[in-house]
Amino acid sequence: MKELMLGNKALARGLYEAGVCLASSYPGTPSTETTEEAVKYKEIYCEWAPNEKVALEVAFGASLAGKRSFCAMKHVGLNVAADPMFTISYTGVNAGLVINVADDPGMHSSQNEQDSRHYAVAAKIPMLEPSDSEEALSFTKKAYEISEVYDTPVLLKMCTRVANSQSIVETGDRIMPPARPYKKDAGKYVMAPANARRRHPFVEERIARLAELAETSGLNRIEMGGTKLGIIADSTCYQYAKEVFGTEASILKIGMCYPLPEKMIREFASKVDRLVVIEELDPIIESFCKSLGLAVEGKSLFPAVGELSQNLIREKLGAALGLTVNGGCTEIGDLPVRPPVMCAGCPHRGLFYTLGKNKCTVMGDIGCYTLGASAPLNSIDAVECMGASVSSIHGFNKANGGESEGRTVAVIGDSTFVHSGMTGLANIAYNQSNSTVIILDNSITGMTGHQQNPTTGYNIKGDPAGKIDLEALCHAMGIGRVRVVDPYDLEATDKAVKEELAAPEPSVIISRRPCALLKYVKHKAPLRVDPEKCIGCKSCMRIGCPAVAIKDDKAHVDATLCVGCGVCSQLCPVSAFESTAAEKEA
């Protein structure tokens, strides 16, 4: 059958057809949908793990048991999973193990745009790189073959444009390989120094054999056209180059980006007049070509930041073939900036208003609440990575000799706290900084699209599951002061923040209110503004709710957005906000 599929969905189909039995992942855009699609196949056990390190270790355990396994993460998640990954490179696998990493050039939803190809080189693990949905499926199946034949985990690199674009895919049947029996082998799997020293030469020999595979596997291919210009490209850059040049240029398409095919690259270079590498972010392929002594251009033409595009490639290389710059591709021009904002009724808004009102220094974390840094709330001072807020506040307060303890807080989400915030809280309890940590419990993993997590009580399928009690957990970790507050109640939230900042010991505030977008949340009737009462003071605008605007010098509520949370009404000095519940009943 042929079907139009997203790249992530096609990858999940590849898991099914390859006979994968287990997938463990942590949600992270642009990788999230892969596991969400995989769970639709009853033959694949799927789960959300607390973090990427755990996900990879779970997948390794399944591989050790003799079943093909998988884990997925975004590029910054691979930082978390790097610890086990480097050692699994030494141990190798039993059944096939594929690690899907999704990069985000342009940082559409990420705090950096690191190039995950570096990890393949550093860990000496082969990496495949699909350029469309069809390859996402076929490369996945190929990755499991490589994993088992070469006794290695395999990295499968996607990026935002491949993961979230659609192309035609031809599906096949599921082929279930026989389970591989587990055999106790301490020399292979117990990486004590003596065993690891014996495994390292195996890794080096394996990479040499994989380099030969890069020449013959068909994952890399030469497409000869005009010889005036030769382009080496991978991932989306291959698609851009094909769209711009068609057959007017020759292209060496890279589908296995580590190890690279030395002989094929030399052969291709010998057939073209000018050699150019087009790749996003870092000059991985270009540097390799230069190490072969080839005259090649790359980052002298194209930036090392952000996404590339058809227009950029046409502009930089069009003259080489006498093409008209921008020909055949429409420029959309400058668009007004539209930054992301918290949704109407977002439970985080009231908390951040309170923190700003109290002039708190706020250590932030990764999630929807990162938007608390934006105007008009302007309430976050620093954001680094998952869990960093809890560790950072401890260091901040210790460095200041305790002087900042009464005015500094850390904020972190429920899923992020379980991901990597717990260890930071353990450090606060153990090394005793008088730090206040606020867990923003919105009952879901919000920014990546409402995935369950260990605090929600439901698994990836929505079935009842084990649930972490955040209050009991914080107490068990040595925090004596733990309290829960509803962020829709500004007075109670203000009281909680003031009291915990004043307390002479570490404390945790759990700001608990479900995400306003959850389907089961029943909202109140929207509010309206009595224009006779409104004095146009704009106090209600201080929370930045998209449902509230100023029209003709009066506050106005968009009833299609308002969820009746009442936070704006608590700021109004003249009680101009009123419910429309009676109007709806009438």
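FYI, side chains are in, hydrogens and waters are out, and symmetry mates aren't considered; it's all heavy atoms of this structure.
Look at K74 and E52 and you find no salt bridge, because none of the NZ, NE, NH1 or NH2 atoms lies under 4.0 Å from a carboxylate O. A salt bridge links K253 to E135: one of the charged nitrogens lies within less than 4.0 Å of a carboxylate oxygen. Between D282 and K299, none of the side-chain N atoms (NZ, or NE/NH1/NH2) sits under 4.0 Å from a carboxylate O, so this pair counts as no salt bridge. Using a 4.0 Å cut-off between charged nitrogen and carboxylate oxygen, R209 and E212 do not count as a salt-bridge pair. Salt-bridge annotation for E17 and R13: present, with a side-chain N of the basic residue lying under 4.0 Å from a carboxylate O of the acidic one. Under the 4.0 Å criterion applied to side-chain N and carboxylate O atoms, K9 and E3 are assigned as salt-bridge partners.
Between C21 and R68 there is no side-chain heavy-atom pair separated by less than 4.5 Å. Proximity of C289 to I265: side-chain heavy atoms (C-beta onward) are separated by under 4.5 Å at one or more points. Here the side chains of D273 and L229 are not in contact, with every heavy-atom distance at 4.5 Å or above. You'll find the side chain of I44 reaches within 4.5 Å of the side chain of L15, heavy atoms only. Using a 4.5 Å heavy-atom threshold, the side chains of K228 and E248 count as separate. The side-chain heavy atoms of R117 and E280, taken from C-beta on, include no pair separated by under 4.5 Å. Looking only at side-chain heavy atoms (C-beta outward), P126 and L155 stay at 4.5 Å or farther from each other. Using a 4.5 Å cut-off on side-chain heavy atoms (C-beta onward), T152 and S89 make no contact.
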For this session: Walk me through it: do F139 and M256 pass the test side chain to side chain contact (heavy atoms under 4.5 Å, CB included)?
Result: CA-CA 9 Å; F139 281 24; M256 185 175 187; over 6 Å; no
For this session: Kindly indicate, with the supporting measurements, whether the criterion side chain to side chain donor-acceptor pair (under 3.5 Å) is fulfilled by Y26 and S31.
Result: CA-CA 9 Å; Y26 184 82; S31 73; over 6 Å; no
For this session: Just do the side chain to side chain contact (heavy atoms under 4.5 Å, CB included) check on L312 and Y240 with the steps written out, would you?
Result: CA-CA 9 Å; L312 183 62; Y240 300 154; over 6 Å; no
For this session: Start with the C-alpha distance between I146 and L128, add both sets of side-chain angles, then the distance that settles side chain to side chain contact (heavy atoms under 4.5 Å, CB included), and finish with yes or no.
Result: CA-CA 10 Å; I146 294 171; L128 310 188; 4.2 Å; yes
For this session: May I have the step-by-step check of side chain to side chain contact (heavy atoms under 4.5 Å, CB included) for K242 and E223, ending in yes or no?
Result: CA-CA 10 Å; K242 288 291 286 186; E223 300 176 1; 3.1 Å; yes
Exercise. Given the rule in the salt bridge (Lys or Arg N to Asp or Glu O under 4.0 Å) test, do E286 and K290 qualify, once you have shown the distances and angles that lead to the verdict?
Worked result: CA-CA 6 Å; E286 179 186 356; K290 287 181 176 178; 2.9 Å; yes
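At least one donor-acceptor pair under 3.5 Å links the side chain of S250 to the backbone N or O of G226. Y369 places no side-chain N or O within 3.5 Å of a backbone atom of G364 that could act as its donor or acceptor partner. Listed for the Q166 side chain is no donor-acceptor partner under 3.5 Å among the backbone atoms of G7. Judged by distance alone, the side chain of E113 and the main-chain N or O of G306 form a donor-acceptor pair under 3.5 Å. The backbone N or O of T32 lies less than 3.5 Å from no partner atom in the side chain of T35, so there is not a single donor-acceptor pair. When atom types are taken as modelled, the side chain of S147 and the backbone of A143 share no donor-acceptor pair closer than 3.5 angstrom.
Remark: the S420 side chain and the N51 side chain contain no N/O donor-acceptor pair separated by less than 3.5 Å. Side chains of T448 and Q451: a donor-acceptor N/O pair is present below 3.5 angstrom, by distance only.
Contact record, M342 with G372: CE-N, 3.4 Å, taken as the closest heavy-atom pair. Closest of all the heavy-atom pairs between R206 and G92 is NH1-CA, 4.5 Å. Closest approach of I313 to A241, counting heavy atoms only: CD1-N, 4.3 Å. The two residues C159 and P30 come nearest to each other via the heavy atoms C-CG, 4.4 Å. Between A65 and N94, the closest heavy-atom pair is C-ND2, 4.3 Å. Counting all heavy atoms, side chain and backbone alike, L292 lies closest to R266 at O-NH1, 3.3 Å.
Taking CD of E279 as the start and OG of S287 as the end, the distance is 7.5 Å to the nearest 0.5 Å. Put simply, NZ on K184 and CG on L64 are 10.5 Å apart, with the number rounded to the nearest 0.5 Å. Taking CD1 from I254 and OG from S131, the interatomic distance works out to 11.5 Å, rounded to the nearest 0.5 Å. Going from atom NZ of K263 over to atom CG of N220 covers 13.5 Å, rounded to the nearest 0.5 Å. To the nearest 0.5 angstrom, I444 atom CD1 is 8.0 Å from D414 atom CG. The CZ atom of F86 lies 13.5 Å from the OG1 atom of T91; values are rounded to the nearest 0.5 Å.
Evaluation of the side chain to side chain donor-acceptor pair (under 3.5 Å) test over residues 171-181, restricted to residues two or more places apart or in two chains, returns none. Applying the ring pair (Phe, Tyr, Trp, His ring centres under 6.0 Å) rule to pairs touching residues 33-84 yields Y16-Y41, sequence neighbours excluded. Identified under the ring pair (Phe, Tyr, Trp, His ring centres under 6.0 Å) test for residues 170-218, with sequence neighbours left out: Y90-H200.
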N/O donor to acceptor pairs below 3.5 angstrom from side-chain atoms of residues 96-106, sequence neighbours left out:
from	atom 1	to	atom 2	distance (Å)
N100	ND2	L156	O	3.0
D103	OD1	S116	OG	2.5
D103	OD2	S116	N	3.0
D104	OD1	H108	N	3.4
D104	OD1	T160	OG1	2.7
D104	OD2	H108	N	3.1
D104	OD2	S109	N	2.9
D104	OD2	S110	OG	2.6

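A search for side-chain contact (heavy atoms from CB on, under 4.5 Å) contacts involving N79 returns V76, Q114, Y119, not counting sequence neighbours. Annotation: side chain to side chain donor-acceptor pair (under 3.5 Å) contacts of E43 (sequence neighbours excluded): none.
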